[in-house]
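A short write-up of the structure that comes next.
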Amino acid sequence: MPVVVLISGSGSNLQALLDAQLAGELPIKITAVISNRADAYGLERARRAGVPTQVLSHKEFSSRECYDRALADLIERSEPRLVVLAGFMRILSAEFVERYQGRLINIHPSLLPAFRGLDTHRRALETGATEHGCSVHFVTPELDAGPVIVQARVPVLPDDDPQTLAARVLAREHRAYPLAVRWIAEGRVVLRGDQVFRDGRAQTRPPLLLEDDRIE
Ligand code: GRF
């Protein structure tokens with residue numbers, strides 16, 4: 001299954017997907033990695049893995065819609081079946097999101113619907129949350145509000161700061177994202193309307209990826 005990955009930064013989630021692909025655990029081919037920033041370290045990770053990269057800077061476009069149309073043109077060169085947002089730090093226009101409905105996924109560092117938007121780790125600590133985590137979800141026009149495919153939970157420890165908590169969550173992101181991509185690639189997970197179906201059944205609550213990688 002051809003997959004395009006969009007990044008803006010470090011690309012550690014991209015790396016997790018590349019590693020899983022290399023290990024033969026993912027029936028996908030990452031055909032292109034596109035970044036809106038030329039200095040994204042993830043571009044280096046892609047190059048090292050022999051994956052073609054493109055930079056499309058948002059600074060050269062007058063509007064979000066214009067940028068997103070150019071982005072879609074670039075994506076379409078690979079004719080992907082799935083577009084994976086892996087730390088792509090731009091809000092996408094409704095037109096773009098609708099075009100890729102059911103084929104566009106994101107990973108968000110919180111247990112959605114808690115803490116949509118930015119700064120999730122600091123906000124989790126400030127509200128005294130005892131658990132935190134990440135969610136892989138289909139993207140819909142409303143930010144971080146799309147149907148969740150899978151979540152992974154971590155404990156919040158008494159001496160956590162946003163950095164230690166982020167690191168604990170990120171380690172779980174690196175397991176949850178390849179799993180969600182695999183389910184989609186194997187045809188086990190699909191979006192129908194606003195509902196995620198897994199193995200033919202509507203998911204009434206998102207499955208939880210446990211510490212030992214079992215699913216609850
Ligand atoms: C991750 O925390 C992810 O949840 C969020 O952006 C960050 C990307 O990290 N969407 P990386 O670039 O994959 O290392």
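We count ligands from 1, going down the list as the structure has it; atoms in each ligand are counted the same way. Values below: all heavy atoms of this structure, side chains included; hydrogens, waters and symmetry mates excluded. Nothing fancy with the numbering, it's 1 onward along the sequence.
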Salt bridge between [X] and [Y], side-chain N to carboxylate O under 4.0 Å?
| X | Y | value |
| --- | --- | --- |
| R201 | D199 | no |
| R47 | E44 | yes |
| D160 | R168 | yes |

remark   = Heavy-atom proximity to atom 1 (C) of ligand 1, picking from E173, H174, H108, points to E173
Write out the residue and atom name of the closest protein heavy atom to [atom], then the distance separating them to 0.1 Å.
| atom | result |
| --- | --- |
| atom 5 (C) of ligand 1 | I107 O, 3.9 Å |
| atom 8 (C) of ligand 1 | G87 CA, 3.6 Å |
| atom 12 (O) of ligand 1 | G11 N, 2.7 Å |

request  = Check the side chains of H174 and S12 for a donor-acceptor pair under 3.5 angstrom, ignoring hydrogens and angles.
outcome  = yes
Hey, is ligand 1 close enough to [X] that some N/O pair sits below 3.5 Å?
| X | value |
| --- | --- |
| L14 | no |
| M89 | no |
| N13 | yes |

ask   = Which atoms of ligand 1 are found less than 4.0 Å from any heavy atom of S10?
value = 12 (O), 14 (O)
message = I'd like to check which ligand 1 atoms, numbered from 1 as shown, lie under 4.0 Å from a non-hydrogen atom of S12.
response = 11 (P), 12 (O), 13 (O), 14 (O)
message = Please check this pair: side chain of R90 against backbone of S8, looking for a donor-acceptor N/O pair closer than 3.5 Å.
response = no
ask   = Between the side chain of R172 and the main-chain N/O of R153, is any donor-acceptor distance below 3.5 Å?
value = no
query = Using 30° and 60° as the class limits, which term best fits the ring planes of F88 and Y67: parallel, tilted or perpendicular?
reply = parallel
message = Return the NE2 to OG1 distance between H132 and T127, rounded to the nearest 0.5 Å.
response = 9.0 Å
ask   = For I7, is the nearest heavy atom under 4.0 Å from an atom of ligand 1?
value = no
message = If the contact criterion is a heavy-atom separation under 4.0 Å, does G42 count as touching ligand 1?
response = no
